[in-house]
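Inspection log for the structure reproduced underneath, given as structure tokens.
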Amino acid sequence: MRVEMLGRLRLELSAMQLIENGGWTAYAAIRSADGGEPQEQVSLLPYQRVVGDAVFPSEAAALAAARRVALALAAQPQMRR
């Protein structure tokens, strides 16, 4: 899992490989970094598969897609409160 801090937001990005075809899927979560320990952080976007049913050719491509989605969601005003 890759973790990036964006102001007071913690972006958690990951990719999982599919058994059936070897492709990769993108996952992301956004949490408030205001709490100290991870269990104290508020989940603004629960950890979930993002980019619908898209399958990517590599782990790097899936992580890049997860990052794009997380950044777009983090830029929304309701996430910035």
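What you see is a predicted model, and the numbers here were worked out from it, not measured in a lab.
Met5 and Leu13 fall into different hydrophobic clusters, where Ile, Leu, Val, Met, Phe, Trp and Tyr are joined by side-chain heavy atoms under 4.5 Å apart, directly or via other members. Val42 and Tyr47 fall into different hydrophobic clusters, defined by Ile, Leu, Val, Met, Phe, Trp and Tyr side-chain heavy atoms under 4.5 Å apart, directly or through other members. Residue Met1 is not grouped with residue Leu11 when hydrophobic side chains (ILVMFWY) are merged at heavy-atom distances under 4.5 angstrom, including chains of intermediate members.
Contact record, Ala26 with Ala62: CB-O, 3.2 Å, taken as the closest heavy-atom pair. Among all heavy-atom pairs drawn from Ala28 and Ala70, the shortest one is CB-CB, 4.4 Å.
Looking at heavy atoms from C-beta onward, Leu63 lies in side-chain contact with Arg2 at the 4.5 angstrom threshold. In this structure the side chain of Val69 reaches within 4.5 angstrom of the side chain of Val51, judged on heavy atoms. Residues Tyr27 and Met16 have side chains in contact (heavy-atom distance under 4.5 Å, counting atoms from C-beta outward). A heavy-atom distance below 4.5 Å is not found between the side chains of Arg10 and Ile30.
Under a 3.5 Å cut-off, the side chain of Gln17 and the backbone N or O of Gly22 do form a donor-acceptor pair. Distance alone, capped at 3.5 Å, places no donor-acceptor pair between the Thr25 side chain and the Val55 backbone. The closest donor-acceptor contact from the side chain of Gln76 to the backbone of Ala74 lies at 3.5 Å or more, if one exists at all.
Within 6.0 Å of atom CZ in Arg49, more than 12 heavy atoms from other residues, nucleotides or ligands are found, so the atom counts as buried in its surroundings.
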